[in-house]
Amino acid sequence: MEGLVFDIAHLLAGSLVLVSFMMLYQDRLYSLLNVFAFHAVVLSLSVAWQAYIQDAPHLYVTAVIALIFKAIIIPLSLHRIIARLGIHREIETVVGVGPTMLAGMGLVALSLVVMLRATAEADPLAREDLAFALSVLLLGLLMMVTRRNAVSQVVGFMSLENGLILAAAGAKGMPLVVEISVAFSVLIAFIVIGIFLFRIRERFDTVDVQTLDRFRGEKR
Amino acid sequence: MTMPSINAIALVLLIPAAAAALLALLPGYRLSARLNVLASFSTLIAALSLFVEKPATDPYFLVDDLNIVFIVLNTFVGFTTSVFSASYIAHELETGRLTPTYLRFYHAMYQVMMFGMNLALTANNIGLMWVAIELATLTTVLMVGIYRTHEALEAAWKYFILGSVGIAFALFGTILVYMAAQPVVGEGLYGMVWTVLIDHVAAFDPALLNVAFIFLLLGYGTKVGLAPLHAWLPDAHAEGPTPISAVLSGLLLNVALYAVLRFKMLLAANTQAITPGPLMALMGLTSLVFAGFMLYRRRDIKRLFAYSSIEHMGIITFAFGMGGPLANFAGLLHMTMHSLTKSAIFFAVGHIAQVKGTQKISDIRGLTETHPVLGWGLVLGVVAIAGMPPLGIFMSEFLVVSSTFAREPLLALVLVLGLLVAFGALMLRLHGFAFGAPTGSTAPVEASYLPMFGHLGLVCVAGVYLPPAMVAWFQHIARLLG
């Protein structure tokens with residue numbers, strides 16, 4: 001039984017890293033959103049499994065938030081925004097798929113080396129969980145760096161945040177996990193959808209962040 | 001004081017929270033501006049009462065000798081900035097840069113921000129501290145974008161993206177600290193309580209603590225504005241309303257630094273973990289030298305002083321990184337002096353930019369002739385921030401340099417180089433906008449000079465005389481910081 005518990009947790013966390021890689025090479029916005037929704041579903045399963053094995057009912061709340069908010073509400077509303085802005089055809093990559101994937105692999109290797117070495121004495125389940133979480137975090141960061149579209153940067157940020165939730169759920173008995181996931185959801189809901197996209201659209205008729213770069217503060 | 005739970009900490013937090021709710025509902029900016037001042041003043045009084053009676057530590061809140069200084073400084077500058085804001089914001093309404101609705105939002109957000117910062121400073125729980133710093137960041141992002149110009153949106157977006165990455169790193173670091181604590185302290189709440197952590201940190205796994213500190217330093221360091229993670233800072237300062245620039249420079253950077261200091265104390269108490277000092281000293285020194293050179297190329301007056309903030313946060317981080325009683329003392333003093341001086345400068349700059357209708361340095365000339373009070377106030381502020389004797393910043397910089405010379409002469413050379421480079425840049429620019437043939441509007445300003453000269457007066461006095469009680473207090477904290 002011990003072995004099976006460990007294997008399922010491992011499988012789910014590992015899938016999350018894999019789905020992060022899938023997001024890296026999506027160059028259409030709609031497919032990116034679909035993969036992100038899948039990412040959120042995998043996170044939710046992973047957190048629910050942690051809730052079951054740690055016997056920590058409050059983690060189910062986090063899992064449900066991830067499922068409803070990140071796998072359904074956010075992708076749906078981003079879909080609508082993209083449709084309304086008419087940018088669904090846009091293909092956007094700053095760096096090619098090949099170099100991005102290579103960089104991604106490098107980051108995963110880095111996080112495994114760092115975390116597995118640093119946590120040599122910790123509980124093996126938590127240890128691998130942390131290593132995977134750091135990988136997801138760094139891959140999200142990579143995605144934010146390699147995209148120039150505001151929507152996909154936000155998706156990158158949300159996948160980064162999924163990595164954090166995975167880490168928090170894996171740390172046994174950590175307090176405030178639910179509060180943190182709520183805080184993050186509020187952050188995303190408020191800032192991203194409510195204000196920025198509307199304002200950016202209102203002013204530029206595009207959500208391409210490179211348009212913003214033209215107005216660099218001092219080159220007036 | 002009927003219930004034991006209503007203590008000074010609760011007041012410091014509840015007043016801004018209640019004021020924020022009230023300000024969000026009230027129309028009419030005159031009333032809101034006054035209420036904002038009143039709320040900030042009551043928070044200051046509540047903070048001062050912490051000196052008299054220290055509330056008991058519980059798993060969520062903590063007041064010790066270290067954070068009282070931060071809380072009082074925070075609420076004091078929060079109060080003076082609200083006074084400045086009241087005279088500043090009416091002009092923004094007249095020129096149509098802000099609508100009444102946005103103004104209502106602005107005042108509510110101001111108090112939410114004060115709430116977030118006070119919560120971060122009083123938190124004993126590292127998770128709560130993280131949530132509070134996130135809240136303060138979020139509100140400032142909204143405030144930076146409030147003018148809704150291209151530049152303001154770009155600044156807010158950049159701040160949001162970089163700030164979120166910093167926040168994410170800091171949370172990962174916090175989780176790692178909990179992971180390190182969990183085998184020793186046990187599962188649950190106490191694994192995140194700072195006072196419990198510091199008692200048991202000697203038994204934590206050093207490798208995990210090391211990784212955690214790197215993440216925390218990078219995460220909160222982004223918020224401190226340390227190079228190379230500073231990219232958001234100049235834009236956010238330049239494009240938001242000036243009261244927010246003053247609060248960002250004077251307070252929010254300190255709050256983030258406070259978080260770094262708390263974790264530094266944790267690491268220092270574990271003998272097997274890396275010594276956190278050299279890392280901080282390195283980042284501080286890099287920021288100082290980098291910002292010193294960047295000062296020369298500035299064309300926007302608020303951006304100029306934003307880079308000067310990076311420079312000074314670099315000096316402060318360097319001083320705390322060097323450690324030891326003298327350097328820590330200098331760091332604390334420098335932090336206080338910088339907060340006071342930099343916010344005073346922003347008060348002056350705010351009115352100047354309003355009357356001249358521009359922030360471009362090349363369009364601002366001869367201020368001492370057209371607006372003598374503002375002009376000379378700014379001259380005094382810049383002279384102070386550049387570190388001329390006998391003002392307060394000179395004294396703290398002198399202490400940093402002399403303590404470094406005694407221990408690491410090579411680092412001291414780099415430090416002095418950075419200071420001189422920045423000094424030259426500031427003097428050059430000062431000469432440009434303060435003297436010479438006047439340009440631009442010469443219309444009189446309706447300004448409240450009290451906050452500006454209040455701060456500058458304190459800085460001048462501190463340069464020649466520090467109250468013995470304050471010196472003793474700072475020395476005590478300097479020993480605590482190790």
Side-chain angles (χ1 to χ4, degrees), chain A residues 54 56 114-115 117-123 126-127 130 133-134 137 140-141 144-145 150 153-154 156-157 160-161 163-165 167-168 170-177 179-180 182-184 186-188 190-192 195-196 199-200 202-204 209 211-220, chain B residues 59 125-128 130-131 134-135 137-138 141-142 145 148-158 160-161 164-165 167-169 171-172 174-176 178-180 182-183 186-193 205-212 214-215 234-235 238-239 297-300 303 360:
Chain A
Q54 291 177 24
V114 169
M115 289 316 303
R117 206 168 277 177
T119 54
E121 287 161 32
D123 159 37
R127 203 177 152 208
L130 268 185
L134 183 59
L137 195 152
L141 196 63
M144 286 174 82
V145 175
Q153 283 192 347
V154 169
F157 177 65
L160 182 158
E161 187 235 314
L164 286 173
I165 301 288
K172 240 184 197 167
M174 183 166 139
L176 292 170
V177 177
E179 287 82 349
I180 285 170
V182 171
F184 262 129
V186 171
L187 186 159
I188 289 168
F190 254 84
I191 296 273
V192 174
I195 301 165
F196 275 101
R199 284 189 178 182
I200 290 171
E202 195 176 302
R203 293 280 169 179
F204 307 108
V209 179
T211 320
L212 295 181
D213 286 344
R214 254 182 258 141
F215 303 105
R216 300 249 333 195
E218 285 185 281
K219 290 180 191 160
R220 289 177 217 176
Chain B
N125 185 305
I126 54 175
L128 188 64
W130 177 84
V131 172
E134 188 209 309
L135 179 70
T137 309
L138 268 186
V141 166
L142 292 176
R148 311 191 348 149
T149 57
H150 304 311
E151 294 85 1
L153 287 177
E154 197 231 341
W157 182 256
K158 206 188 222 177
F160 169 63
I161 293 288
S164 311
V165 171
I167 281 172
F169 276 1
L171 178 59
F172 197 73
T174 307
I175 296 172
L176 289 180
Y178 172 77
M179 291 287 291
Q182 186 219 9
E187 287 176 22
L189 182 63
Y190 286 98
M192 287 195 126
V193 176
D205 178 10
L208 207 51
L209 271 186
N210 290 349
V211 181
I214 304 282
F215 276 101
D235 292 290
E239 306 305 340
R297 293 184 57 227
R298 296 310 104 198
R299 283 171 241 154
D300 180 303
R303 229 166 254 271
K360 274 193 186 167

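Just so it is clear, the model here is predicted, and its values are computed rather than measured. These numbers come from the heavy atoms of this one structure, side chains and all, not from hydrogens, waters or symmetry mates. Residue numbers start from 1 in every chain, and the chains themselves are labelled A, B, ... in the order their sequence lines are given, proteins ahead of strands.
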Which atoms of A:Met144 approach chain B - backbone, side chain, both or neither, heavy atom under 4.5 Å: side chain
Taking every non-hydrogen atom, the tightest pair across B:Asp205 and A:Ala118: OD2-O, 3.4 Å
From CG (A:Leu137) to CG (B:Leu171), nearest 0.5 Å: 9.0 Å
For A:Pro175, all residues meeting side chain to side chain contact (heavy atoms under 4.5 Å, CB included), sequence neighbours excluded: B:Tyr178, B:Leu189, B:Met192
Side chain, backbone, both or neither of B:Phe169 within contact of chain A (heavy atoms, under 4.5 Å): side chain
Side chain to side chain contact (heavy atoms under 4.5 Å, CB included) between A:Leu134 and B:Phe215, intermediate numbers included: CA-CA 11 Å; A:Leu134 183 59; B:Phe215 276 101; 3.5 Å; yes
Residues which pass side-chain hydrogen bond (donor to acceptor under 3.5 Å, both in side chains) with B:Glu187, listed by chain and number, not counting sequence neighbours: none
Contacting moiety of B:Leu135, where chain A heavy atoms sit under 4.5 Å: neither
Residue among B:Pro206, B:Ser164, B:Ala212 with most heavy-atom pairs under 4.5 Å to chain A: B:Ser164
Interatomic spacing from CG in B:Leu176 to CE in A:Met115 - rounded to 0.5 Å: 4.5 Å
Contacting moiety of B:Asn125, where chain A heavy atoms sit under 4.5 Å: side chain
B:Thr174 OG1 to A:Met174 CE distance, which is reported to the nearest 0.5 Å: 7.5 Å
Max heavy-atom pair count under 4.5 Å with chain A, selected residue of B:Leu208, B:Val165, B:Val211, B:Asn210: B:Leu208
Rounded distance (nearest 0.5 Å) linking atom CG of A:Leu141 with atom CD1 of B:Ile161: 10.0 Å
Shortest non-hydrogen contact from B:Ile175 toward A:Leu164: CD1-O, 3.7 Å
